[in-house]
Amino acid sequence: MTLAALRLQQPRLRQDQEPEANPNEDEKVKKLVLKWAEDHVIRLGLCPFAAAVMDSMSIIVRSDVIDEESALQLFLEQANRIMETPEEELPTTILALPNLFPEFEDWNDFTTALEEDLDEGGALEEVGEHVLIAAFHPDFSFAGLAAEEKVLNYEKRAPIPVINLLRTQAIDRGIEKGVDAASIADHNEEALLEEGLEQVAETFASLSDSEPPGQPDAYTTAGPHAG
């Protein structure tokens, strides 16, 4: 399903329902995302590129983004910014979107359509030549996991909905060095299984001093390490 088709399905909030940007809350969200990156992603080595860009990456918090149209506009703005900025100044960007698609099914539909549009032949193919995405959601769930494998869902979980804009060139350099999607998935599976569900869930709970995110089984995306 393309983004154009999804746009027709999205309910629009009335103007008086739309959340306003709150600088204090946005700063809390930014700190939450940084803590997630440090305590979960980097500590477990779930992204081989993350540690090197922690000090120079951009984190954009937009609590006012609440639908597909505004999310796509923000993505295109930040993708253009990456394409126009030298890599040493802006290696990667994280879009933190706390009010966008709280339901995982809606989030998965949107991000899957965006990935398809960025692929060769897609509506955003020219952007995809320079920028790709990695998407994370509090309730991300792979299909077909056994009970003892539920911890693998945390490869794609974050405390709030997050889209990471990645430079295609950086990914290509990693592939040349043997760091491809398959090797990353293998490492992440081993790291998460060794850490264990209880410990990972405790880490997530500690990020915001709240209960761990849910582990829904009703809706799941394609099998382990998809996307």
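Since this is a predicted model, take the numbers as computed values, not measurements. All values below were derived from every heavy atom in this structure, side-chain atoms included, with hydrogens, water molecules and symmetry-related copies excluded.
Classification of the Phe136-Trp36 ring pair by plane angle, with boundaries at 30° and 60°, yields perpendicular. Using cut-offs of 30° and 60° on the angle between ring planes, the pair Phe204 and Tyr154 is perpendicular.
Annotation: side chain of Ile59 is not in contact with side chain of Val29 (no heavy-atom distance under 4.5 Å). Side chains of Phe140 and Glu155 form no contact here, defined as non-hydrogen atoms less than 4.5 Å apart. The side-chain heavy atoms of Thr168 and Glu129, taken from C-beta on, include no pair separated by under 4.5 Å. Contact annotation: the side chain of Phe142 never approaches that of Glu149 to less than 4.5 Å [non-hydrogen atoms, C-beta and beyond]. Side-chain contact between Leu97 and Leu74 is present, with at least one heavy-atom pair separated by less than 4.5 Å. With contacts defined as side-chain heavy-atom distances shorter than 4.5 Å, the pair Glu190/His187 does not qualify. In this structure, the side chains of Pro161 and Pro138 come closer than 4.5 Å at one or more pairs of heavy atoms. Within the 4.5 Å cutoff, no side-chain heavy atoms of Leu193 are placed close to those of Glu148.
A search for salt bridge (charged side-chain N to carboxylate O under 4.0 Å, His left out) contacts involving Glu103 returns nothing, not counting sequence neighbours. The side chain to side chain donor-acceptor pair (under 3.5 Å) test applied to Arg167 returns no partner, not counting sequence neighbours.
There is a path of hydrophobic side-chain contacts, each under 4.5 Å, that joins Val127 to Ile163. By the rule that hydrophobic residues join a cluster once side-chain heavy atoms approach within less than 4.5 Å of another member, Ile171 and Leu46 end up as members of separate clusters. Linking Ile, Leu, Val, Met, Phe, Trp and Tyr whenever their side-chain heavy atoms come within less than 4.5 Å puts Ile42 and Leu32 in one cluster.
Side-chain polar atoms of Asp64 and Ser70 form no donor-acceptor pair below 3.5 angstrom. Between the side chains of Asp180 and Ser183, at least one donor-acceptor pair of N or O atoms lies under 3.5 Å. No hydrogens or angles considered: nothing links the side chains of Ser63 and Asn99 as a donor-acceptor pair under 3.5 Å.
Checked against Leu44 for a side-chain contact (heavy atoms from CB on, under 4.5 Å), the options Leu192, Asp39, Asn188 give a single hit: Leu192. Under the side-chain contact (heavy atoms from CB on, under 4.5 Å) rule, Arg81 has a single partner from Ile60, Leu76, Leu165, Val131, which is Ile60. For the side-chain contact (heavy atoms from CB on, under 4.5 Å) with Leu207, the lone residue among Lys31, Glu38, Lys35 that qualifies is Lys35.
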Inset, instruction - Mind running side-chain contact (heavy atoms from CB on, under 4.5 Å) on Val151 and Glu195 for me, showing each step along the way? - result: CA-CA 9 Å; Val151 67; Glu195 184 79 351; 5.7 Å; no

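In this structure, Gln78 CD and Ile133 CD1 are separated by 14.0 Å, a value rounded to the nearest 0.5 Å.
Between Lys30 and Glu27, none of the side-chain N atoms (NZ, or NE/NH1/NH2) sits under 4.0 Å from a carboxylate O, so this pair counts as no salt bridge.
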